[in-house]
Participant: 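Structure in structure tokens, see below.
Values below: every heavy atom of this structure, side chains too, minus hydrogens, waters and symmetry copies. All of these numbers come straight from a predicted model, not from anything done at the bench.
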Amino acid sequence: MPVNILMPALSPTMEKGNLAKWLKKEGDKVKPGDVIAEIETDKATMEYEAIDEGTLAKIVVPEGTQDVPVRAVIAVLAEEGEDVKAAAAGAATSAPAPKAAPPAKPASAPAPPPMEERVSARPSPSMRSAPAVSEAAPARAAPQASAASVSQPGEGEGTRVARANRVFSSPLARRLAKEAGIDLARVQGSGPHGRVIARDVEAAKSGRGLAAPAAASPVGAAALTVQTPADEKIRALFEPGSYDAVAHDNIRKVIARRLVEAKLTIPHFYLTLECNIGKLVAAREEINAAAPKDKDGKPAYKISVNDFVIGVAVSIPGGLITPVVRQAEQKSLSVISNEMKDFAARARARKLAPHEYQGGTSAVSNLGMYGIKEFYAIINPPHATILSVGAGEERAIVRNGKIEAAHMMTVGLATDHRAVDGALGAMLLGAFKTLIENPVMMVV
């Protein structure tokens, strides 16, 4: 039976993707592990690997196509022994164009269930978290899911399609999970491409590597929408030819949607402190001066204030991305500095893997290099806090009844009041102030 290759959910926020490039042609042989296409997500350009063996019978969605819905058919694979021409002809007659998908049908007329379900290519591990994202935004995700299910060709004729919440796992891992009563969707896989293997299930039995169940959306949260004027009405306010219309890319669209949702659904409260960073600046200068140099005189590392703070959002064309520095408490400043530089370079090239920007608990936004004294950032779900760092500058302060100059920096903490109370937020910001004013305590 032909196997449908579907547009995967390669990041938790992905609802649509761009098919940047096909790396296989119609008629090419494909085996498991072959990279068949490049998919542009809302964060990066990702390679798409096959997990089935066969012949690429038909490319349904041509390369360069934008806004292809998740789970839409992008190609058809003929398995060994199958008639490639027949598989291609079936795809050509039944598959709709990607941008002409019919509207979602009502619940009373669902698409017939498939006889057998199987995914035909391997997405990134983040596909396992896609159902939680769709729960958080039912108003948008449900119609798209319905439209995707309507557009699946030949489901009643035995064509295999992907299950939306499919978890990639080994047979042994599935058996162990069933015996232990563990939901595989909550187990973090450590196998190739996030595959759940036996040792992951064993670790989950002791509570390690086990994600919390997805929380249901609060009542009424899905109804919070913002009505904006139509594009035509906005253009009518300006003289023709006085502006350039620039279309938003995927990452800007996702940022816009998520920030509106965050501001409407998260009860933010804000805390502010001023930190004396005189000792930190002095320590930074001493550390950089002592850095070993190579034969060309280039230092092995160059520490910045960001490296003391950690968790910086990287500005990229079209938006921001927040790489995650893991186990920072076990790393030296030089290691953190080089790691952040590597993250920033690959983020700007959109080459970060999903596990390198997912799973953080907080973030830091630093606009101090632009001379901004203080500001307050918007929390990026599922984070509970975000720290805003302003410019370090000399200011007049009063010490022991005398006015003197000091190197000061203003920081602000935006906090989700559902997760963090005011007193706890104050303690967190106070602990940050203690460490940043006395950097030697970071190594104690």
Participant: List in chain and number order the residues that pass salt bridge (charged side-chain N to carboxylate O under 4.0 Å, His left out) with Lys279, two or more places apart in sequence or in another chain; answer none if no residue qualifies.
Facilitator: none
Participant: Where do Ala414 and Ala377 come nearest, in terms of heavy atoms and distance?
Facilitator: CB-O, 3.4 Å
Participant: Rounded at 0.5 Å granularity, tell me how far CZ in Arg174 sits from OG in Ser169.
Facilitator: 4.0 Å
Participant: With distance as the sole test, does Asp416 use its side chain to make a donor-acceptor pair with the main-chain N or O of Arg418 at under 3.5 Å?
Facilitator: yes
Participant: Answer yes or no: is there a side-chain heavy-atom contact under 4.5 Å between Ile39 and Met7?
Facilitator: yes
Participant: Not counting sequence neighbours, which residues clear side-chain contact (heavy atoms from CB on, under 4.5 Å) with Ile403? List them please.
Facilitator: Ala396, Val398
Participant: So, using side-chain contact (heavy atoms from CB on, under 4.5 Å) as the criterion, who are the partners of Pro240 when residues are at least two apart?
Facilitator: none
Participant: Check whether Asn438 reaches the backbone of Thr434 with its side chain - one donor and one acceptor, N or O, closer than 3.5 Å.
Facilitator: yes
Participant: Find out whether Leu367 and Phe375 are in side-chain contact, i.e. whether some heavy atom of one side chain is under 4.5 Å from a heavy atom of the other.
Facilitator: yes
Participant: Applying salt bridge (charged side-chain N to carboxylate O under 4.0 Å, His left out), name anything that partners Arg395, two or more places apart in sequence or on another chain.
Facilitator: Glu274, Glu393
Participant: Say whether Thr272 and Tyr376, considering side chains only, have a donor N or O and an acceptor N or O under 3.5 Å apart.
Facilitator: yes
Participant: Look up atom CG in Leu176 and atom OG in Ser170, then write down how far apart they are to the nearest 0.5 Å.
Facilitator: 7.5 Å
Participant: Can you name the nearest heavy-atom pair linking Ala177 to Val201, along with the distance?
Facilitator: N-CG1, 3.7 Å
Participant: With Ala20, which residues qualify under side-chain contact (heavy atoms from CB on, under 4.5 Å), at least two apart?
Facilitator: Glu38, Glu40
Participant: Is there a donor-acceptor pair under 3.5 Å between the side chain of Lys21 and the backbone N or O of Gly64?
Facilitator: no
Participant: Please list all pairs meeting side chain to side chain donor-acceptor pair (under 3.5 Å) that have one or both residues in residues 287-299, counting only residues at least two apart or in different chains.
Facilitator: none
Participant: Can you pull the salt bridge (charged side-chain N to carboxylate O under 4.0 Å, His left out) pairs that have at least one residue in residues 370-382, sequence neighbours excluded?
Facilitator: none
Participant: Output all residues satisfying side-chain hydrogen bond (donor to acceptor under 3.5 Å, both in side chains) with Asn276, sequence neighbours left out; order by chain, then residue number.
Facilitator: none
Participant: State which residues pass salt bridge (charged side-chain N to carboxylate O under 4.0 Å, His left out) with Arg346; sequence neighbours excluded, sorted by chain then number.
Facilitator: Asp342, Glu356
Participant: Under the rule for side-chain contact (heavy atoms from CB on, under 4.5 Å), what residues qualify as partners of Ala300, not counting sequence neighbours?
Facilitator: Pro292
Participant: Could you measure the distance from the CG atom of Leu429 to the CG atom of Leu387? Nearest 0.5 Å is fine.
Facilitator: 6.5 Å
Participant: What are the two closest non-hydrogen atoms of Ala173 and Leu184, and how far apart are they?
Facilitator: O-CD2, 4.3 Å
Participant: Could you label the plane-to-plane angle of the Phe269 and His417 rings as parallel, tilted or perpendicular, counting under 30° as parallel and over 60° as perpendicular?
Facilitator: tilted
Participant: May I ask you to test the Ile5-Tyr48 pair for a side-chain heavy-atom distance under 4.5 Å?
Facilitator: yes
Participant: For Glu239, look at atom CD and say whether over 12 heavy atoms of other residues, nucleotides or ligands are found less than 6.0 Å away.
Facilitator: no
Participant: Taking the side chain as every heavy atom from C-beta outward, state whether Ile74 and Val68 have any atom pair closer than 4.5 Å.
Facilitator: yes
Participant: Check for a donor-acceptor pair, side chain of His268 on one end and backbone N or O of Ile379 on the other, with a separation under 3.5 Å.
Facilitator: yes
Participant: Any side-chain to backbone donor/acceptor pair from Arg258 onto Asn380? Under 3.5 Å, distance only.
Facilitator: no
Participant: Just to verify, what does Glu404 make a salt bridge (charged side-chain N to carboxylate O under 4.0 Å, His left out) with, not counting sequence neighbours?
Facilitator: Arg399
Participant: Keeping the roles fixed (side chain from Thr385, backbone from Thr415), state whether a donor-acceptor pair exists under 3.5 Å.
Facilitator: no
Participant: Find the distance between CG (Leu271) and OG (Ser388) and round it off to the nearest 0.5 Å.
Facilitator: 11.0 Å
Participant: I'd like to know if the side chain of Asn366 and the backbone of Gly368 have a donor-acceptor N/O pair within less than 3.5 Å.
Facilitator: yes
Participant: If you define the side chain from C-beta out and look only at heavy atoms, does anything of Ile277 sit under 4.5 Å from Met408?
Facilitator: no
Participant: Hey, what do you get for SG (Cys275) to NZ (Lys433), rounding to the nearest 0.5 Å?
Facilitator: 5.0 Å
Participant: Applying side-chain hydrogen bond (donor to acceptor under 3.5 Å, both in side chains), can you list everything that pairs with Lys178, at least two apart in sequence or on another chain?
Facilitator: none
Participant: If every non-hydrogen atom of Gly425 is compared with every non-hydrogen atom of Leu413, which pair is closest and at what distance?
Facilitator: O-CD2, 3.8 Å
Participant: Quick one: does Trp22's side chain get under 4.5 Å of Pro62's, heavy atoms only?
Facilitator: no
Participant: How long is the straight-line distance from CG of Asp421 back to CE of Met427, given to the nearest 0.5 Å?
Facilitator: 11.0 Å
Participant: Could you check whether any side-chain heavy atom of Val73 comes within less than 4.5 Å of a side-chain heavy atom of Leu6, counting everything from C-beta outward?
Facilitator: yes
Participant: Let me see the working for Ile36 and Leu23 under side-chain contact (heavy atoms from CB on, under 4.5 Å), right down to the final yes or no.
Facilitator: CA-CA 5 Å; Ile36 60 174; Leu23 302 178; 5.8 Å; no
Participant: Contact between Val364 and Val389 at the side-chain level, heavy atoms closer than 4.5 Å - yes or no?
Facilitator: yes
